[in-house]
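So the structure is just underneath, and the comments pick up after that.
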Amino acid sequence: MIMNVDSFIEELSGWQRKQCSLVVHIIRNSADGIAEDLKWGNPYFDLNGGFIKLFVAKDWINVYFYKGYLLQSKLLEPSDNVKMRTVKIYPNKPLNKVEFTKLVDQAIKLNQK
């Protein structure tokens, strides 16, 4: 049974493990006080309320930003929830580390208000 975010990532293979490790590394190194857990079977990060969650599917990874509608980034795409936005990662479209780090920093500032 998967007990924490690190165990979750270890269960992944190939490109998914690499990209999720990068996402989690950026989040963990962005601010103090970010809580992490597994919710709905996927990594979930909390900073003064919902912050970011990951959803790992077979062919893609979605990184959801709970207050994404208030953030500005060319990486963000709409989601089924009007307030959330997502960054989609595919095997042939790896994460833009610089832009993603800027996006996480924006989300942190928003959640610290």
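Just so you know, these numbers come straight off a predicted model, no measurement behind them. Both backbone and side-chain heavy atoms feed into the values below; hydrogens, waters and symmetry mates do not.
- For residues 35-57, the set of pairs meeting the salt bridge (charged side-chain N to carboxylate O under 4.0 Å, His left out) definition, not counting sequence neighbours, comprises R28-E36.
- When all heavy atoms of V82 and R85 are compared, the pair lying nearest together is O-NH1, 2.8 Å.
- A continuous path of Ile, Leu, Val, Met, Phe, Trp and Tyr side chains, each step under 4.5 Å between heavy atoms, connects V56 with L95, placing both in one hydrophobic cluster.
- Side chain of Q19 to main chain of I61: no donor-acceptor pair is present (N/O by atom type, distance under 3.5 Å, no hydrogens or angles).
- Following chains of ILVMFWY side-chain contacts shorter than 4.5 Å, one can reach V5 starting from W15, so the two form part of one hydrophobic cluster.
- Checked against ring pair (Phe, Tyr, Trp, His ring centres under 6.0 Å), F45 has no partners two or more places apart in sequence or in another chain.
- Pairs passing the side-chain hydrogen bond (donor to acceptor under 3.5 Å, both in side chains) check and including a residue from residues 55-83, sequence neighbours excluded, read N62-Y64.
- Between the Q112 side chain and the A107 main chain, no donor and acceptor come within less than 3.5 Å of each other.
- A donor-acceptor contact shorter than 3.5 Å is absent between the side chain of N111 and the backbone of Q106.
- With sequence neighbours excluded, the residues forming a salt bridge (charged side-chain N to carboxylate O under 4.0 Å, His left out) with E99 are K102, listed by chain and number.
- The OG atom of S21 sits 4.5 Å away from atom CD1 of I9, with the distance rounded to the nearest 0.5 Å.
- The closest side-chain heavy-atom distance from F51 to I108 is below 4.5 Å.
- Put simply, the side chain of F100 does not reach to within 4.5 Å of the side chain of V98, judged on heavy atoms.
- Distance check, rounded to the nearest 0.5 Å: CD1 of I27 to CG of L54 gives 6.0 Å.
- At a threshold of 4.5 Å between side-chain heavy atoms, the hydrophobic network of Ile, Leu, Val, Met, Phe, Trp and Tyr places M84 and V23 in two separate groups.
- Contact annotation: the side chain of N4 never approaches that of L38 to less than 4.5 Å [non-hydrogen atoms, C-beta and beyond].
- Every residue two or more places apart in sequence or in another chain was checked for a side-chain hydrogen bond (donor to acceptor under 3.5 Å, both in side chains) with D32, and none qualifies.
- Of the possible donor and acceptor atoms, one in the side chain of R17 sits under 3.5 Å from a partner among the backbone N and O of L12.
- With sequence neighbours excluded, the residues that form a side chain to side chain contact (heavy atoms under 4.5 Å, CB included) with K97 are L22, I26, T101.
- How far CZ of F65 is from CG of L110: 11.0 Å, rounded to the nearest 0.5 Å.
- A donor-acceptor contact shorter than 3.5 Å is absent between the side chain of S30 and the backbone of D105.
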